[in-house]
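Following: one structure in structure tokens, then a few remarks.
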Amino acid sequence: MQENYSHSSIEKKCQAKWRDSKVFEVNEGSDKPKMYCMPMLPYPSGKLHMGHVRNYTITDVLARFYKLSGYNVLHTIGWDAFGLPAENAAMKSKVAPAAWTYQNIANMKAQLENMGLSFDWSREIATCTPEYYHWQQWLFVQLYKNGVIYRKSGVVNWDPVDQTVLANEQVIDGKGWRSGATVEKKEIPMYYFGITQYAEQLLADLEQLDGWPEQVRTMQKNWIGKSRGMEVTFAGAGAHDGLTVFTTRPDTLMGVTYVAISAEHPLAEVAVANKPELAEFIQECKLGGVSEAELATQEKKGMFSGLYVIHPLTNEQVPVWIANYVLMNYGTGAVMAVPSHDERDFEFATKYALTKKVVIKPVKDTDDYQPETTAYTDYGILVNSGKYDGMTFEQVFAALETELAEKNIGQVKTNYRLRDWGISRQRYWGCPIPIIHCEHCGDVPVPEQDLPVRLPEDLIPDGSGNPLNKDERFTKCVCPNCGADARRETDTMDTFVDSSWYFLRYTCPDSHNAMLDERVKYWAPVDQYVGGIEHAILHLLYARFFYKALRDLGLVAGDEPFKNLLTQGMVLAETFYRQNPNGSKDWFSPMDIEVVKDGKGNIIKATYKGDGMEVQYGGIEKMSKSKNNGIDPDEIISQYGADTARLFVMFASPPEQTLDWSDSGIEGANRFIRRIWRMVFEHTQQGVVAKYTTGDLTTEQKKLRTQLHQTIAKVTNDVGVRKQFNTAIAAIMELLNAYSKVAFVGDNGRALSQEVLEAVIIMLSPIAPHVCEVLWSELCPDSELLEQAWVVVDPKALDVDEVEMIIQVNGKLRGKIMVAKSLTKEQIEEMAKQNPNVQKFIDGQVIKKIIVVPNKLINIVV
RNA sequence: GCCGGGAUGGUGGAAUUGGUAGACGCGCCGGACUCAAAAUCCGGUGCCAGCAAUGGCGUGAGGGUUCAAGUCCCUCUCCCGGCACCA
């Protein structure tokens, strides 16, 4: 054994050994319980960043821990290989997205291999391969035939200069990212997945997911947004049909002073016919992007439509306004406005000097009730509402339910915020939608035997629309129904579709005759899923929806795809940019930036190392390709080794927590590994011994053994239950700090040293697998670390007869005593009162009460 | 704007169920070894007062509940994530 640790001489050897022995390749023929452990599918941006390192180290630690704990562990990886960055790269450097993507996959795979991860590489998949998207198209056809997929029009961001659809990310302050032109909303036909058909199940089954973080379940629940309310019809005053609104607050119906409709509402067209000056305003509403964040933060604007509707209770005329804050795709595209009891309506009514009518007052009078200056949005008692005065929300609701139903102008309705999922993308680098458009037969799904519809891999987008449109090789086809010349659909699928079922394909990646085969029934559901919190809603909701849809096709069993979920916090890094004349930004890697900070750590100046000129600071954000702030782990791995990199990211913070990247402290992780190496070296220099079982130990040895088994209990719980690795590592560090102070004299002493070191190596091996594998072979020659069992606690070692208790007087710490476990509460109280420092604080005082928390503290209240 | 989260020493973080705030690491200070340096080892390190024992203060801000609050409740500030076409 070498005296000093050198990562370069051991890591490559270990990785080759694991690869050649196929030790991490698994199948369904095991008698051990199965454990499917998986990180989220990465986008192949070309370079690993610390967020990836964190993600894959977490799953690897868990996978290796479960393997030692006796499970048949499946740990998988693949590539979310379709998507926008490949097209952007193509525009920039004229490389075909396919070539760019495959090159990136090769680069990142090499980086992953350097990390020593226990993936079953034989199951690797890339979503851009025909072998994969074949089955996605097949599924599309099944769902299309079952009515889960349908076609309707949807609104997109349209760049009028580049003549192309933009992603929300490409709309910056309402302008196109490349052209700088003001973006417009445009309606185009799209395919939709009917996820709302599953809204109720997606909501109800959240209850089953007790292995998920509460915050994720809450976010999904709010996203689905189930609400019970009423649909109320306002009849038209004049020559139009009126409109229907949805409201969750029918108790405020008497307070309605106007009705607001979206610019896309059918009634808006009627209004324009009577009042041509509206056209300009409706046009103005079309400017800007479609994202909800943009719509919600824009200035609220509106214009009177010239139309009136009839209030269903009072029969008074109510003006109809066209407003930019009303969303066509939520509810009915029209809202009843109650300025006194809704903040948005209040703001709008104030701006346009519209009437406000107070109809709710609080149950108990409070100072907060100022209906003249702010909207009162809480529930309360009705006032100014005629015969409804004095009623509560529930009472009015019930009264109106009957009354409106009788007149046939209103009914109770359950509404969901969740919308159907539009999956059409006017992009080239994605999974082709398997539809053929025939003049005679309409939309015809591609027959199963003609799948996959292959995406040509040699096109290079130029920023003006989808190059598939211009590629006759692709578009020209015949109708499978009637044989007439037809045109192939050129839209591709949202990449969220790709990532909604990949975890099932890992179970049978070589299945050529079916999307999934019987092996999925063995492995699914995923037992432990690990990925970024940023996926808390969209990806996880879509994957849950897919699983239910696949279940209904009989392809999988159960209701939910992910049993346990660990959402890791993002790794953030500083961002730096320079603004181009047209408003676009060039982003610089933080690794190429020289930063000057003030005393409080604020950045006051940043310069690019390449030219020494200043760059702008863009704040701390998640590491991403688009902001170019990913920190590449290669440098750390080549300098310190993968074990150090892994140990460092696991030690830096608990997994759920956001981590502002800093590499200060990485040397500490490396120092710790070198220290263990030296301890094992010194121990084995004196020959190999069997680990301690029984026999006399010195007092300090006994104490160390107690600490060893306390540490085993803590680490097992921290890794297996709490999944908090930083505290597990800290406990091992503490144990070794204690170890280094003990003299291991005698045979029993040496055996204890062996016991401690063996346990430490096993506990640390999921985190730092290479060095542990080598050290194990020194401690226990002719035995394989990966074949060992996880360490177990010896209850005898945990037996102690004395504990330390703290003494408080009025809640302040005044002393500490060692207390034998056999003592009664009264004896402990007496001992506490005798403590000299405690005496100072209770002397001459009346003791009111003494609280004793067993094995912890005594609080004397005077 | 809406939904979800976060804020603890110089610094990353610990405190698992309301019960010793600051474990463990980094940095810094001092010492040992060395011709010297690196590496390593030993000691110290929240702030204020004190030679010390010890005391006072202290978990983003303000209030509250409790014998006891980083932890629970209310109000607020700032930061991060998501908002349906980034993935």
Side-chain angles (χ1 to χ4, degrees), chain A residues 4 40-43 45 80 83-85 88 154 156-157 165-171 213 215-216 218-219 221-223 225 289-298 300 325 329 343-344 418-427 494-496 499 532-539 541-542 569-570 572 601 619-622 624-626 648 651-654 656-660 662 664-669 671-672 674-675 678 714 717-718 721-722 724 726-727 729-734 737 740 804-808 810-813 816 837 840 848-851 853 856-857 859-861:
Chain A
N4 290 308
M40 284 182 185
L41 186 73
Y43 180 80
S45 57
D80 188 13
L84 207 51
N88 296 339
V156 294
N157 302 306
V165 175
L166 298 178
N168 284 335
E169 187 193 48
Q170 298 171 319
V171 179
Q215 54 157 314
V216 176
T218 305
M219 281 190 261
K221 181 171 179 263
N222 293 341
W223 184 263
V290 299
S291 77
E292 194 193 309
E294 194 179 330
L295 295 172
T297 49
Q298 74 188 351
K300 285 167 195 52
Y325 71 87
N329 53 21
E343 272 162 30
R344 273 189 321 191
L418 181 69
R419 311 195 295 254
D420 274 344
W421 174 16
I423 57 108
S424 293
R425 297 290 178 269
Q426 298 67 43
R427 304 249 160 68
D494 179 2
T495 54
F496 273 126
S499 55
I533 182 67
E534 68 270 30
H535 297 292
I537 295 174
L538 293 180
H539 162 61
L541 193 67
Y542 292 149
M570 272 155 298
L572 310 181
I620 294 177
E621 295 199 51
K622 75 168 171 172
S624 71
K625 177 95 182 153
S626 59
F648 177 63
F651 186 58
S653 82
E656 293 87 355
Q657 199 160 308
T658 305
L659 180 62
D660 290 353
S662 156
S664 76
I666 190 142
E667 284 181 40
R671 200 173 296 158
F672 177 61
R674 292 200 309 263
R675 189 156 171 241
R678 229 170 21 250
K714 177 165 177 58
N717 187 49
D718 280 356
V721 180
R722 297 176 68 211
Q724 189 162 309
N726 55 333
T727 49
I729 296 165
I732 297 171
M733 286 174 169
E734 280 182 82
N737 287 346
S740 67
E804 188 186 60
M805 291 183 75
I806 62 140
I807 313 167
Q808 297 178 336
N810 283 350
K812 292 202 181 216
L813 176 67
K816 297 177 185 183
N837 197 48
K840 285 199 325 211
K848 283 199 215 155
K849 175 163 30 162
I850 299 180
I851 292 143
V853 181
K856 280 223 171 104
L857 65 77
N859 190 10
I860 303 170
V861 185

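Model, not experiment: these values are computed from the prediction. Chain identifiers are assigned alphabetically (A, B, ...) following the order of the sequence lines, protein sequences preceding nucleic acid strands; residue numbering begins at 1 within each chain.
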Report task. Would you mind reading off the distance between A/Asn88 atom CG and B/rC85 atom P, rounded to a whole angstrom? Result -> 17 Å
Query - A/Arg425 side-chain N/O to B/rC85 phosphate OP1/OP2 under 4.0 Å - result: yes
Report task. Find the distance A/Ile537:CD1 to B/rG4:C1' and express it as a whole number of Å. Result -> 7 Å
Report task. Determine the interatomic distance between C1' on B/rG5 and the same-named atom on B/rU54; round to the nearest Å. Result -> 42 Å
Requested in this report: Quote, to the nearest angstrom, the C1' distance that separates B/rG9 from B/rG70.
Outcome: 14 Å
**Report entry** Distance in angstrom units between A/Gln657 CD and B/rA15 P, rounded
**Finding:** 10 Å
Report task. Pick base, sugar-phosphate or nothing for A/Glu804, based on heavy-atom distances below 4.0 Å to the nucleic acid. Result -> base
Query raised in the report: Can you find a side chain N or O atom of A/Gln724 that sits less than 4.0 Å from OP1 or OP2 on B/rA15?
Result: yes
Requested in this report: Using a 4.0 Å heavy-atom cut-off across all strands, classify A/Glu292 as base, sugar-phosphate, or nothing.
Outcome: base
Query raised in the report: Using a cut-off of 4.0 Å on non-hydrogen atoms, how would the nucleic acid contact of A/Tyr325 be classed: base, sugar-phosphate, or nothing?
Result: nothing
Requested in this report: Determine the contact category for A/Gly422: base if any of its heavy atoms lies under 4.0 Å from a base atom, sugar-phosphate if only primed atoms, P, OP1 or OP2 are that close, otherwise nothing.
Outcome: sugar-phosphate
Query raised in the report: Would A/Asn717 and A/Lys714 satisfy side-chain hydrogen bond (donor to acceptor under 3.5 Å, both in side chains), going step by step from the backbone distance to the final call?
Result: CA-CA 5 Å; A/Asn717 187 49; A/Lys714 177 165 177 58; over 6 Å; no
Requested in this report: Indicate, with a heavy-atom threshold strictly under 4.0 Å, whether A/Asn726 touches base, sugar-phosphate, or nothing.
Outcome: sugar-phosphate
Query raised in the report: Which part of the nucleic acid, if any, lies within contact of A/Leu295, taking any heavy atom under 4.0 Å across all strands shown: a base, the sugar-phosphate backbone alone, or nothing?
Result: nothing
**Report entry** A/Lys856 NZ to B/rU20 C1', straight-line distance once rounded to whole Å
**Finding:** 10 Å
Query - Spacing of A/Phe651 atom CZ relative to B/rG25 atom C1', expressed in whole Å - result: 4 Å
Query raised in the report: Expressed as a whole number of Å, how far does the C1' atom of B/rG62 sit from that of B/rG25?
Result: 34 Å
Requested in this report: Could you state the atom-to-atom distance from CD of A/Glu294 to C1' of B/rC2 in whole Å?
Outcome: 16 Å
Query raised in the report: Contact class for A/Leu84 vs. all strands (heavy atom < 4.0 Å): base, sugar-phosphate, or nothing?
Result: sugar-phosphate
Query raised in the report: When rounded to the nearest Å, what value does the distance between C1' atoms of B/rU8 and B/rC3 take?
Result: 27 Å
Report task. Using heavy atoms to find the nearest nucleotide of RNA chain B for A/Ser424 and A/Asn717 separately, return the residue whose nucleotide is more 5′. Result -> A/Asn717
Query raised in the report: Under the 3.5 Å rule, do the base of B/rC67 and the side chain of A/Gln808 count as making a donor-acceptor pair?
Result: no
Report task. Looking at every strand, decide which applies to A/Lys300 at a 4.0 Å heavy-atom threshold: base, sugar-phosphate, or nothing. Result -> nothing
Requested in this report: Look at all strands and tell whether A/Thr297 reaches a base, only sugar-phosphate, or nothing, counting heavy atoms closer than 4.0 Å.
Outcome: base
Requested in this report: Give A/Asn837 one of three labels, base, sugar-phosphate or nothing, depending on what nucleic acid heavy atoms sit under 4.0 Å from its own.
Outcome: sugar-phosphate
Report task. Quick one: label A/Asn737 by what it contacts on the DNA or RNA (base, sugar-phosphate, nothing), any heavy atom closer than 4.0 Å. Result -> sugar-phosphate
Report summary line: Paired runs of 3 or more consecutive Watson-Crick or G-U pairs involving RNA chain B, with both pairing distances under 3.5 Å, are B:1-7 with B:77-83, B:10-12 with B:24-26, B:27-32 with B:40-45, B:46-49 with B:54-57, B:60-64 with B:72-76
Query raised in the report: Between B/rG44 and B/rC78, how far is it from one P atom to the other, in whole Å?
Result: 43 Å
Atom pairs under 3.5 Å: protein N/O with N/O of nucleotides 41-49 of chain B:
from   : atom 1 : to       : atom 2 : distance (Å)
B/rC41 : OP1    : A/Arg678 : NH2    : 3.4

